[in-house]
Amino acid sequence: MTRYNPKEIEPKWQAAWEQSGIYKAEDQGEKPKWYSLIEFPYPSGAGLHTGHIRSNTALDIVSRKRRMQGFNVLYPIGWDAFGLPTENFAIKTGRPPQEVTKENTDTFRRQLKSLGYSFDWSREVDTTDPNYYKWTQWLFLQFFKEGLAYKDKININWCPKCKIGLANEEVEQGSCERCGGPVEAREKEQWILKMTEYADKLLDGLDGVDFLPEIKTQQRNWIGRSEGAEINFPLSPFSKGSTPQAGGISSIKVFTTRPDTIYGATFIALAPNHSAIGNWKLEIGNYPEVKVFIEKAKEEAEGQRNADKAGICLQGITALNPATGEEIPVWVVNYVLGDVGTGAIMAVPQHDERDREFAEKYNLPILDKPLASWEEVLEKTGGKKVVRYKLRDWVFSRQRYWGEPIPLVFCANCAKEPGENSKHEARNSKQIQNSKVQTENKYSDLNYGWVAVPDEQLPVELPRVEKYQPTDTGESPLAGITEWVNTACPSCGGPATRETDVMPNWAGSSWYFISYCIAENLKSQAPSIKQFTSPEFQNKLKYWLPIDWYNGGMEHSTRHLLYARFWMQFLHDQGLVPVAEPFAKRTAQGMVLAADGKKMSKSLGNVVNPDELVNEFGADAVRLYEMFMGPFDQAIAWAERGILGPWRFLEKVWNIGSRVHFLEERVETLPEVKRKLHQTIKKVSEDIEGLSMNTAVSTMMEFVNMAPGKISKADWQLLLRILAPFAPHITEELYQLLGNSKHEVLNSKGQSIHSQPWPEYDEALLVEEKFELVIQVNGKVRATVSAQKGISQAQAEEMAKPAVSKWLEEGEVKKIVFVADRLINFIVS
RNA sequence: GCUGAGGUGGUGGAAUGGCAGACACGCUAGCUUUAGGAGCUAGUGCCGCAAGGCGUGAGGGUUCAAGUCCCUCCCUCAGCACCA
């Protein structure tokens, strides 16, 4: 008998699987399809980390189980390789990011292969490959052509440290989610995708998908739909010293989700930065004090948020409650936010905690007025129903180098006479009206003169530059390459300039999951609507979509996951993809923390290196440990010696499985072992579906602990099969050792354990004949006795009494509780 | 502050209202001439020589029976955060 030596068997089987192509997915066939997906990794210079292994292994197990269950499985892999770390590395070392990326993906590929994942490597994609991003660019142009990409001068979130503009989704509590530094507002012209147009579809789509509830909650919060009304509160013409037309303004527009409470509205509260205040300099009697208050409130807002409520009454300005006709004062308060609603509220102390707190502090009236119907209020006040969203449009430009060039050209000549872009502008003007209602997002005229690069000129390739350093002026390094920037207008042929901003790193990941279905075609075909809608593309998309199970990190709930859904909703509307919701099911793994409970990081020196682990213990032990270490969805700290458990387990499996003659000597498995085997098959089958990988592994451990010398060769192979998805190498080796194939190189699909059917458990064998009857006196366990299942209460009493006579004699038996096949409880007093 | 999920040995963690601590790490003792993070056997929640008692964040309750259900409180994590 040889020792268990993963170093020898693992590379051997990895090569054999690759050669035989058993993990290659077919694009059609008799079998039902199954599409498993993990988030394709960002190939950082640090290499694969333990978190990747956790996610990849879990879905590898699911995928392998599905293959054994007879599915045609697609489990693909690729590289999300655009992004800042690579670019920053390039800046530091002066090496082209293309070269660095190649090195990093090579490392990742080697590491992933060393872990024995059943990826279909023939569909590998790389977002930085011009043959990939020509399609990313083409898809962006579909948004542009439909008027869903627009350029506007807006205040963006600018990270001065990264020298990059950020999307709302990339800002966490005023800080850059990447570097943690403070984010400032900066006015810039940006390309923006009109994600708000899809707010309702993104919301409604959640109803039909199987996402973790917390992911749905996060998305709903992020979209933040609220239905309410906008109501104008006119300025009072009656009030002394007040005018109905103060500073050219005759009313204050408020947004409320509770128009029905308007009878209780006893004052108007404005945000400190409400635009009307500046126009009332002359009318406001106490303007100097108001100004001081506003300055203070702005300072506070930058510091802590939960400052005590405070406000100041605008003397000389009085509004009318349009429902009651009563005069009410107008206050500026620190608890109303300028960027929410209209920046003005009708304060109803009776119904709103915050208004009440404020009213009590300043002795403002609290009116217990009756509620009205929405219809009545809207009619009476001339207000209108409004739906508002927290979701903002997606700022899509980045002033950096390492991203997809935005495939647009600016032509001053074409800007003069709109013609080419007429459809686009017609749509925009229609949306301008909608957007006023919805989000106040105005469209500028900045799209005039922007011309799409024609399909046949895609990709717009990222030119090699000498200097990757971003600039403080907020211009992309590409802006400095005049020979690239200056080009001919595709529309009129005149001189024109290219857009020099690039796309955010979320662009390539917004559609990569459909790219896997058509990976081969994407490479060879030039992007065009004809190609994309061809049967060649569409049949494959129809076959594979939606993704049956997508697993990834919780941190992507409001970024990648929202963006990807938005792209698919849009592409579905364009008739380009067969489903609107790409992910039928979404789960998330918990983080793998370092042994010290902190995040693994280079600077802390607490990173666990997968290469060293695989080298020391083998891929199977690493995979098994990461599944065994704790509940899948929970953050968990790496334990130095924890891997020894799974390692010893695999040694036990090896010791049983490699003594073939022993297994052959035992013709029949002992009954209790057989029962345990079938219980194990059931438990493992179910646990995989619920991602309860830790208990699946422990169940198999229990079984292997009782199996030595008691199991037949045939039954042993059932254990190997349910273990195979977890530990694919050792199980393949042991399976072949039992004489299932004479070849070390698999030359047909049937010879691998991974192509064997998933074992079914025998329901009849699960049932135990005996059980331990628990005997309690007054609810306390005093004895147990082995009994036949199905015994009656009388039989149980007879068996139990002698065992607990000592306690029964202490009093009189008042009551007996009997739970069949479980326990008997004597109540004595 | 609100919402959700949690709090179980020295550690990671198991437990359809029915023997709490499965499985694993660690530890203790013994065996084995034992290259190796070895292997094997026994033990390992706490107190107690034992009988037994006590034990799932704290306190109360329901129940023959509570880690599990209900109430109050404390703490941890996640999400939202003055969203009108």
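From a predicted model like this one, the values you see are computed outputs, not experimental measurements. Excluded from the calculations below are hydrogen atoms, water molecules and symmetry mates; all remaining heavy atoms, backbone and side chain alike, are included. By convention in this document, chain letters (A, B, ...) are assigned in the order of the sequence lines, proteins followed by strands, and residues within each chain are numbered from 1.
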For B:rG39, take OP1 and OP2 only and decide whether either is under 4.0 Å from a side-chain N or O of A:Arg648.
yes
Can you see which heavy atom on A:Arg623 is nearest to which on A:Phe726, and at what distance?
NE-O, 2.9 Å
Any N or O donor-acceptor pair linking the side chain of A:Asn825 to the base of B:rC64 at under 3.5 Å?
yes
Taking RNA chain B as the partner, which of residues 800-814 of chain A come within under 4.0 angstrom of it by heavy atom?
A:Lys806, A:Trp807
Could you list, one pair per line, each protein nitrogen or oxygen that sits under 3.5 Å from a nitrogen or oxygen of nucleotides 42-50 of chain B, together with the distance?
none

Between B:rC70 and B:rA22, how many Å separate the two C1' atoms, rounded to a whole number?
29 Å
Salt bridge (charged side-chain N to carboxylate O under 4.0 Å, His left out): pairs with one or both residues in residues 624-635 of chain A, sequence neighbours excluded:
none
Show the distances under 3.5 angstrom between N or O atoms of the protein and N or O atoms of nucleotides 55-57 of chain B.
none

Same-atom distance (P) from B:rG6 to B:rC69, integer angstrom:
9 Å
When the C1' atoms of B:rU11 and B:rG4 are compared, how many Å lie between them, rounded to an integer?
28 Å
So what's the dot-bracket for RNA chain B: Watson-Crick or G-U pairs under 3.5 Å, [ ] if a pair crosses, | if it pairs off-strand?
(((((((..(((.....[....)))((((((.......))))))(((....)))..(((((..]....))))))))))))....
Considering every strand and a 4.0 Å limit on heavy-atom distances, what is the contact class for A:Ile827: base, sugar-phosphate, or nothing?
sugar-phosphate
Could you check whether A:Phe826 and A:Trp807 have their ring centres less than 6.0 Å apart?
no
Please say whether the positively charged group of A:Arg54, taken as NZ for Lys or CZ for Arg, lies over the ring of A:Phe632, i.e. under 6.0 angstrom from the six-membered ring centre and within 45 degrees of the axis.
yes
Within the structure shown, what part of the strands sits under 4.0 Å from A:Glu357 by heavy-atom distance: base, sugar-phosphate, or nothing?
nothing
Per the under-4.0 Å heavy-atom filter, residues of residues 632-642 of chain A near RNA chain B come out as A:Gln634, A:Ile636, A:Arg641
Counting the atoms with a prime plus P, OP1 and OP2 as sugar-phosphate, which does A:Val819 contact under 4.0 Å by heavy atoms, base, sugar-phosphate, or nothing?
base
So does A:Asn694 get a side-chain nitrogen or oxygen closer than 4.0 Å to the phosphate oxygens (OP1/OP2) of B:rA24?
no
So, under a plain 3.5 Å distance rule, would you say the side chain of A:Arg782 forms a donor-acceptor pair with the base of B:rG52?
no
Would you say A:Lys390 reaches B:rA81's phosphate, i.e. side-chain N/O to OP1/OP2 under 4.0 Å?
yes
